[in-house]
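Structure first, then comments.
The residues of the chain are indexed from 1 along the displayed sequence. On a predicted model such as this, the values are computed, not experimentally measured, just so you know. The analysis underlying the following values was restricted to heavy atoms, covering all of them including side chains, and did not include hydrogens, waters or symmetry mates.
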Amino acid sequence: MTRDSSHRPAPAQTWNAALYDRSHSFVYKAAADMLELLNPQPGEQIIDLGCGTGHLTAMIADRGARVLGLDQSAEMIAAARKQFPKLAFELADATSFTVPEPQDAIFSNAVLHWVHPPGAAVEAISRALRPGGRFVTEFGGKGCMARTIAALNTALGEPDLGRRPWFFPSIAEYAPLLEEHGFEVRFATLFDRPTPLEEGKHGLRNWLTMFGEYYLARLDAAERERIFQEVEKGLHDELWREDRWVADYRRIRLVAVKL
């Protein structure tokens with residue numbers, strides 16, 4: 001039976017910190033090279049926006065910066081504080097956070113595709129930076145997970161109406177948001193990043209469980225299992241590689257400076 005999703009409100013995304021660290025560590029590991037773009041200096045004040053369980057926050061701190069991790073998930077913040085008790089973490093929303101003094105840099109990985117409206121986050125980021133401060137980010141870009149989303153909609157019997165929890169922009173869509181809020185874009189790239197998922201044959205369903213709550217929240221256990229099996233069958237020829245699933249990620253990576 002086809003479900004009409006045209007007026008479906010999105011349930012609030014919740015986060016399982018233990019599952020995130022156990023089965024999705026690729027999220028922060030794949031972004032470790034972004035620290036070279038950030039180039040944190042000793043004594044700089046830096047925000048890690050959407051810090052999750054704090055692993056990248058700790059890497060920034062290891063460079064000598066004074067870093068504050070912000071996340072809207074209380075569970076993620078609790079896990080970060082437990083793992084890195086010497087670092088500072090606070091509960092905050094990317095669209096409305098404030099800081100007592102302007103920051104030298106704001107870093108954000110795999111977060112901003114969750115944030116609505118995107119312009120509100122850019123405004124908050126601009127407000128928190130000093131003139132000359134830099135914003136370094138990577139998140140899902142145009143076409144990210146397109147094959148997976150299509151397979152999921154097919155399994156659910158729903159048309160793809162473009163209603164989804166993520167914002168996956170092109171550079172042409174996102175750069176103007178930055179410019180409107182006083183940034184100069186210094187570097188921008190959109191690229192394919194096929195990403196091996198952890199836990200072998202369970203990798204795809206673990207990804208859907210972690211990040212697909214918008215689609216799965218209303219399904220009981222039996223319906224979820226049916227959806228998992230149909231999606232796995234539909235994507236096997238495209239995204240199964242030897243002994244694991246490979247997510248069809250596309251990423252947008254940007255460096256901007258506040259004027």
Distance from [X] atom [atom1] to [Y] atom [atom2], nearest 0.5 Å?
X	Y	atom1	atom2	answer
Arg218	Arg224	CZ	CZ	11.0 Å
Ile171	Thr189	CD1	OG1	5.5 Å
Phe89	Phe84	CZ	CZ	6.5 Å
His202	Glu232	NE2	CD	9.0 Å
Trp245	Glu238	CH2	CD	10.0 Å
His236	Arg241	NE2	CZ	10.0 Å

Quick one: does [X]'s side chain have a donor or acceptor within less than 3.5 Å of a partner on [Y]'s backbone?
X	Y	answer
Glu173	Ser170	yes
Arg186	Val257	no
Glu44	Gln41	yes
Thr195	Ala247	no
Asp243	Gly200	no
Arg250	Lys142	yes
Ser108	Leu49	yes
Arg134	Leu38	yes
His116	Pro165	yes
Ser126	Val122	no

Side chain to side chain contact (heavy atoms under 4.5 Å, CB included) assessment of His113 paired with Met145: CA-CA 12 Å; His113 52 254; Met145 298 300 287; over 6 Å; no
Between Ser73 and Asp71, do the side chains contain an N or O donor and an N or O acceptor separated by less than 3.5 Å? no
Kindly indicate whether the side chain of [X], heavy atoms from C-beta on, has any atom under 4.5 Å from the side chain of [Y].
X	Y	answer
His181	Lys258	no
Asn206	Glu198	no
Leu235	Arg147	yes
Ile252	Phe139	yes
Ile77	Cys51	yes
Leu208	Tyr215	no
Phe228	Thr209	yes
Val99	Gln45	no

Which atoms form the tightest heavy-atom contact between [X] and [Y], and what is the distance?
X	Y	value
Phe107	Leu56	CE2-CD1, 3.9 Å
Ile149	Cys144	CD1-O, 3.9 Å
Ala256	Phe183	CB-CD2, 3.8 Å
Leu129	Pro102	C-CB, 4.0 Å
Ile227	Ala155	CD1-O, 3.4 Å
Ile46	Ala65	CD1-CB, 3.8 Å

Salt bridge present between Arg130 and Glu101 (N-O < 4.0 angstrom): no
Does [X] belong to the same Ile/Leu/Val/Met/Phe/Trp/Tyr cluster as [Y], with side-chain heavy atoms less than 4.5 Å apart forming each link?
X	Y	result
Tyr214	Phe168	yes
Val255	Val111	no
Trp166	Val231	yes
Ile106	Val185	yes
Ile47	Trp114	no

Over-ring placement of Arg251 relative to Tyr249, 6.0 Å and 45° cut-offs: yes
Could you please spell out the steps behind the side chain to side chain contact (heavy atoms under 4.5 Å, CB included) verdict for Leu37 and Glu138? CA-CA 11 Å; Leu37 285 176; Glu138 182 181 301; over 6 Å; no
What residues form a side-chain hydrogen bond (donor to acceptor under 3.5 Å, both in side chains) with Glu242, not counting sequence neighbours? none
Check against side chain to side chain contact (heavy atoms under 4.5 Å, CB included), Val136 and Met34: CA-CA 8 Å; Val136 178; Met34 284 181 63; 4.0 Å; yes
